[in-house]
Amino acid sequence: MTDPSGPRAEPVTLVGGWPAERALLSAHLVVERPRFRLDVALTAGPGEVVALLGPNGAGKTTALRALAGLLPLHGGRLRLGEVLLDDPAADVYVPPERRRVGVVFQDHLLFPHLSALENVAFGPRSRGAGRRAARVEAQRWLERFGLAEYAARRPRQLSGGQAQRVALARALAVHPDLLLLDEPLAALDARTRMETRARLHHDLRAHEGATLLITHDPLDALVLADRLVIIEDGRIVQEGDAATVTARPRTEYVARLVGLNLYRGRAAGHDVTLDGGFTMIADDEVHGEAFLAFPPAAVALYPQRPAGSPRNTWAATVVGVLPHGDHLRVELGGPIQAAAEITPAAAASLGLLPGSEVWAAVKASETRAYPY
Ligand SMILES: Nc1ncnc2c1ncn2[C@@H]1O[C@H](COP(=O)(O)OP(=O)(O)OP(=O)(O)O)[C@@H](O)[C@H]1O
């Protein structure tokens, strides 16, 4: 037992999810472009899968290229295990082929003229393994992934999902310390994507190194990753496990990603006055700068002002109506911009069209407020 009066552990500075000195990957990536600057700190531990999410142009590919060594850093430093890979201040730059990094790109996956087995064996061969040893290793990976029966097939005889997993086996066959997955499911159709996602989740457990997954798709991130890092305009705007990020989004992009309406405002107890002046009532009690969020499914729409109305009620104009799964997503203008999710039957009975005037209401009990 520890002595409570004894010396206490110093709090460690967390860079990402792991204390920088214990992480397998410890990176501060600074890349300058003419009109863009990437400046992010990333860490990942052994066996950890970190998803890097962000809108178009956020800098995800730039980060991946810097980690792989395809793009030298302009500032910061990159360490993998005990090895310093890039540190411009110390004039250190290890080229891609000498990094213990495996990359799986979304397309250009496999060599078309080689069989699945030869494709996977290429990994160990390129790291100096003998022909026979490389084939044995490749066979082991195909078996592990349940792909042994496809060993002799050429890539064009494989489905998209199978090819994707052979590419993963090839990357893992060299036992990289860092695995980089670039939109690994983006090229697949919806059904294959679902199956491959589930298998990939399983396959990734065989990897003892760190994994960084780049994706646009929140579902990929939520299923595959232990931790999410969200970047916008070259900077990290939020990171944490899925539960934290989805419960408390901190930017509009993150809110949309998890499907919430999100606003900033000032709270005084349960009342939150949003930027723009509209006041809403939340279940939570907060004081000062605050976020207010509610899911589109919590927004009820009425043709007239609802009687005995819930307090969060406002007159809105329909801006657009889009299919969303088996529901419809209604974009509303008015004192606040909001999205509502309703059934097609409800939309038909309201006669919703762009320009329609409706009343919107959200119960305070479905509205979350939290400090900014
Ligand atoms: N070779 C380049 N020269 C100059 N600017 C570049 C270059 N490559 C990328 N950029 C710029 O860097 C920024 C980040 O691009 P990046 O491709 O990393 O974003 P991303 O998050 O991967 O986007 P997407 O999801 O669209 O692939 C963008 O503003 C882009 O225009």
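One-based numbering, in listed order, for ligands and for the atoms of each.
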Sub-4.0 Å heavy-atom contact, H216 with ligand 1: yes
Sidechain-backbone polar pair: H270 side chain, D284 backbone, donor-acceptor under 3.5 Å: yes
Interatomic spacing from CZ in R165 to CG in L147 - rounded to 0.5 Å: 4.5 Å
Is_contact(atom 27 (O) of ligand 1), protein non-hydrogen, under 4.0 Å: yes
Test applied, side-chain contact (heavy atoms from CB on, under 4.5 Å); reference residue, L73; option that passes from V30, L67, L78: L78
Residue selection (non-hydrogen contact nearest atom 14 (C) of ligand 1) among G234, G57, P55: G57
Check: V31 main-chain N/O paired with H74 side-chain donor or acceptor under 3.5 Å: no
Y150 side chain vs A163 backbone, donor-acceptor pair below 3.5 Å: no
Residue and atom name of the nearest protein heavy atom (relative to atom 16 (P) of ligand 1), distance in Å to one decimal: T62 OG1, 3.6 Å
Atom 19 (O) of ligand 1 [closest protein heavy-atom partner, distance rounded to 0.1 Å]: G59 N, 3.2 Å
Identity and distance of the protein heavy atom lying nearest atom 10 (N) of ligand 1: R33 NE, 3.9 Å
Test item: Q238 side-chain N/O and R250 main-chain N/O as donor-acceptor pair under 3.5 Å: yes
Ligand 1 to P34 polar contact by distance, N or O atoms, under 3.5 Å: no
No-hydrogen, no-angle side-chain donor-acceptor test under 3.5 Å, T43 and S26: no
Distance-only N or O hit between ligand 1 and F36, under 3.5 Å: no
Flag, side chain of N119 to backbone of L114, donor-acceptor distance under 3.5 Å: yes
Atoms of ligand 1 close to A58 [distance to a heavy atom under 4.0 angstrom, numbered from 1]: 19 (O), 20 (P), 21 (O)
Distance from atom 25 (O) of ligand 1 to nearest protein heavy atom, with residue and atom: K60 NZ, 2.7 Å
Heavy atom of protein inside 4.0 Å of atom 30 (C) of ligand 1, strictly below: no
Expected output: side-chain D39 to main-chain R235 donor-acceptor under 3.5 Å: no
Closest candidate by heavy atom, reference atom 22 (O) of ligand 1, pool L53, T61, V31: T61
Contact (N/O only, under 3.5 Å) between G54 and ligand 1: no
